[in-house]
Structures are given as C-alpha cells and as structure tokens.
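These notes concern the structure reproduced below.
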Amino acid sequence: MCSCGESRRGWGPYAPSPVLFLSLFVSAAPFGLLGEETRQVSLEVPGWPDHPQNLLHIRAVGPNSTLHYVWSSLGPPAVVLVATNTPHSVLSINWTRLLSPEPDGGLAVLPKDSIQFSSALVFTRLLEFDSAASGAAAEPPGKPYPPYSLAEFWWNNITDSLQPATLSATFWGHPARDPAGTFANGSLAFRVQAFDRAGRAAQPPRLLHTADTCQLELVLAGASPRGNRSLFGIEVATLGQGPGCPVIQERHSIDDEYAPAVFQLDQLLWGSPPSGFVQWRPVVFSQEQADRDSALSCQASPLHPTLAHSLPPTLAHSLPQSPVVQAFFGPQQNYCTFSLTFGASTGPGYWDQHYLSWSVLLGLGPPPVDALSPLILGIMAVALGAPGLLLLGVGVALLLHRTHPSEYRSIT
Ligand SMILES: *[C@@H]1O[C@H](CO)[C@@H](O)[C@H](O)[C@H]1NC(C)=O
Ligand SMILES: *[C@@H]1O[C@H](CO)[C@@H](O)[C@H](O)[C@H]1NC(C)=O
Ligand SMILES: *[C@@H]1O[C@H](CO)[C@@H](O)[C@H](O)[C@H]1NC(C)=O
Ligand SMILES: *[C@@H]1O[C@H](CO)[C@@H](O)[C@H](O)[C@H]1NC(C)=O
Ligand SMILES: *[C@@H]1O[C@H](CO)[C@@H](O)[C@H](O)[C@H]1NC(C)=O
C-alpha cells in the first residue's frame, strides 16, 4: 500500500518552493494532441424493451474527434472509454448479444479503424474493514469484513436520474439480498457528470476538468457499518495494456484555495499521453458539506494483475465480470486491480455521519494540469517579492557599510 494520504495533512502555512513552481509551469505546457476546448456532449440512455435501463452513453463530439463513455450497471458498475479520430463515430449495440451469457461483440464503436484508444474501469467490490482490529491482529486498514460484490447489487433505472442540463446522471444501488439489513436505509451512488468545456467543480476537491473528461462522484450514504470503527474502500479493476499493469503516479500539487491542504494529485495513466487517465486528489469527505473538517485521507494500493475467470476457489476471489466490458473487448484475462481505502482508524470517519464521498476524473487525451490560482500567484508574489526586497536592502546596506564613511563623505 502506498500511503497517499500521509503527506497531505499539514494545515500550517505553506511556503511554496520555486522548484515546485517551475515544474508546475513546465508541465503545464500544452500537449496539443487530441484535446479539444469544447465539445458537443450528449447523454443518451439506449434501452431494450422489458429491461432495466442501465446503460448511459456519453458522446462528446469535437471538430476532429469523438469520445465515447459507456457507463453501465449491467453487472458491476463499469465504464468503457473510447477515443476516435472522427466526429462521426457511433456506438452500436446488439442487445440480444449484450444481454446473453456470452456478450462478446455486443458493443462496438464504429468505424472500428477510427479508434485511437480504449480502456475500461470496473468497480467490483465495496470493501469494509474493522480498523479497531488493526495493529497486532491485522495490518491497516484492519480486519476485512466480507466485501459487498457490486455485481450483486440492485441498481436504479438510470433514466429517472438523468439531468440533461448538468450533463449528469446517477446510478444508485443497494445489495439485492441484504439479510443483515445493513443497507436498509443506505445506498451506494455513482454520480456521473460530463462537461462540454473546461472548468472546475463547485464542491471540494474541485477537480479541474476539460471537455475531454467526465467526473465520477462515489457516495456511500446511510449504510450501517458492521463495526464501530469501520473503514470503507472500493476495489477497481481495469484492463492491463500488454503484460504489465498501469501504475499510479503521485504528482505534487499545491495547497491552494481549490483543494485546501491536499498536496497531491494521484493519477493512473494507461499509456504515455495522449491515451487515457484517471485522476483524483487523495481525499474523501465524511459530510455532504465537503470542507476541511470533513476531509479524510484516501490510500490507494498499487495495481496488480488479477485473473478474471476460472480461478480455483482456493486462490484469490475471481473478479466479477462486466458484460459491457466483455461485450466491447471480448473475453479478457488481462485485468489489473487496485483498491482505495477511505479514512483512517483515528480522527473523523464514516461513523460520524454515515456518509462518504470520493471524486475522480476520467479522461481521454492529456490529463488536465492545475495552473496556479490567483491566490497562489498573490502568495508567490509576496513570498518571492519580500525576500527580493530584503536582499536588495541588505546589498545596499553592505555597500554603504563597506564604503569608508570619510571616503563616502569626500565623494559627496
Ligand atoms: C425507466 O424510467 C423511464 C422514465 O421514468 C420510463 O419511461 C421507463 O419505462 C423506465 N424503465 C423501466 C424498465 O422501468
Ligand atoms: C481538424 O482537421 C483539419 C483537417 O485535417 C485541420 O485542418 C484542422 O486544423 C483540425 N482542427 C483541429 C481543431 O484540430
Ligand atoms: C446480434 O447478435 C445475434 C446473436 O449473436 C445475431 O444473431 C444477430 O444477427 C446480431 N444482430 C445484428 C444486427 O448484428
Ligand atoms: C432505517 O430508518 C428507519 C426510519 O428512519 C429507522 O426506524 C430504522 O431503524 C433504520 N434502520 C436501520 C437499519 O438503520
Ligand atoms: C461497539 O461499541 C459498543 C459500546 O462502546 C460495544 O459495546 C460494542 O461491543 C462495540 N462493537 C464492536 C463490534 O466492536
């Protein structure tokens, strides 16, 4: 486990280092590839008679490219991301095949040769740990409870939550069988939002988005924890490119007005840009009113290869299959999984309000890079300006001091 949340908690004044600023400026140089400033975004819920509506197609058209995000709660919640180099590419669904036990080929983006990049994310399991049992008995985050398989959740009709004005929709669900009643008043929600231009969310962590991205806000609310100090987490699977797994990079970030006290931006890159990426700040919020006081750390594990099918039960659990991913990519064995754990055994947590929210950005093309906010520019002007003035003052004083007073007087 990499401790993405460790370095984050420093509420004190923060002196920005010139090296950090330099690297931010350099990395902010435009890639100029694939990215479009604005796109025509449409949300569509393709349906099939007598079947729950559980497929959301986001189509984002630019002058020379189209991005497709296919979200679905058919099986575990998943998204297929496809970038094409034409404004005319379309999603084609063969429902009889998609809904069959062998969905291979049920989903395609046409024309096939316009596809520049494709990958997928599958949210496989909701994890829960007893953090009170960490330490001697178990490694942090604690003793795991049996996880909730998101493939065995009941999900809503997505049409009912569609908000065309904000380009958003929400998948929410709860376990289809819930003998212990832990989700009697609870739900797990996947709020998906697309964007037609660059901007920044109003709610912390205020991730910077572009027209090439969409944002997912994951909200666990109202579910009864199984322990007094339960930590929750989510298991995520993605497709490996080649034999290895993508890596999660940690980028330094600045503590600014947008994301107070979060010094880090984590990102998963599927390949060298421009390909696709997942980007998040290692922070979750334990209240609907997201602010510093409700901010919890978020730890990401490294990615490791995971076989999807035919694992003997004695080995690790077999990954729940997503029909949309299988329909688009065919029978894949090449999955990589990682998990995120939200919060720590001490401090505020889910137990306070029975609420957790985590935001993440998914995108195609170059990941957005935070520029300096006006506040930070002001601080920098003061931070670099004041020592500059001081240096000048000292220099002048030294000069005056070195010059012999009598000589000095004689010159005047
Ligand atoms: C889903 O909701 C929409 C809008 O409320 C409705 O028209 C449709 O029939 C619903 N579909 C199912 C399968 O319930
Ligand atoms: C789109 O492609 C055309 C022709 O290939 C090119 O002239 C134009 O500059 C491209 N537009 C953008 C925004 O990249
Ligand atoms: C859809 O898939 C079914 C089953 O594989 C196949 O029989 C049918 O021809 C396909 N439909 C189209 C339009 O390709
Ligand atoms: C669910 O909410 C109802 C009404 O607010 C309450 O009576 C019940 O105890 C709650 N159940 C659980 C498991 O929290
Ligand atoms: C939770 O706390 C209560 C009271 O502090 C205690 O009686 C109970 O055993 C604890 N439950 C667990 C699962 O630790």
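Note that ligands are numbered from 1 as they come in the structure, with each ligand's atoms numbered from 1 the same way.
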Worksheet item: Do Asp130 and Arg229 pass the salt bridge (Lys or Arg N to Asp or Glu O under 4.0 Å) test, and can you show the C-alpha distance, the side-chain angles, and the key distance before you say yes or no?
Response: CA-CA 6 Å; Asp130 180 7; Arg229 294 222 149 221; over 6 Å; no

Response to the item:
From the list Trp155, Trp71, Trp358, ring-ring contact (aromatic ring centres under 6.0 Å, His included) partner of Phe190 resolves to Trp155

Worksheet item: Is NZ or CZ of Arg125 both nearer than 6.0 Å to the six-membered ring centre of Phe338 and within 45° of the ring axis?
Response: no

Worksheet item: Gln279 and Asp266: side-chain donor and acceptor closer than 3.5 Å?
Response: no

Would you tabulate the polar-atom pairs, meaning N/O of ligand 1 against N/O of the protein, with distances under 3.5 Å, reported to 0.1 Å?
| from | atom 1 | to | atom 2 | distance (Å) |
| --- | --- | --- | --- | --- |
| ligand 1 | 2 (O) | Asn157 | OD1 | 3.4 |
| ligand 1 | 2 (O) | Asn157 | ND2 | 2.3 |
| ligand 1 | 2 (O) | Asp160 | OD1 | 3.0 |
| ligand 1 | 5 (O) | Asp160 | OD1 | 2.5 |
| ligand 1 | 11 (N) | Asn157 | ND2 | 2.8 |
| ligand 1 | 14 (O) | Asn157 | ND2 | 3.4 |

Discussion item. For Glu288, is the CD atom crowded, meaning more than 12 foreign heavy atoms sit under 6.0 Å from it?
Written reply: no

Item to complete: Mark up the atoms of ligand 3 that fall under 4.0 Å of a heavy atom belonging to Thr96, in ascending order.
Response: 1 (C), 2 (O), 3 (C)

Worksheet item: Do Arg226 and Glu128 meet the salt-bridge criterion of a basic N to acidic O distance under 4.0 Å?
Response: yes

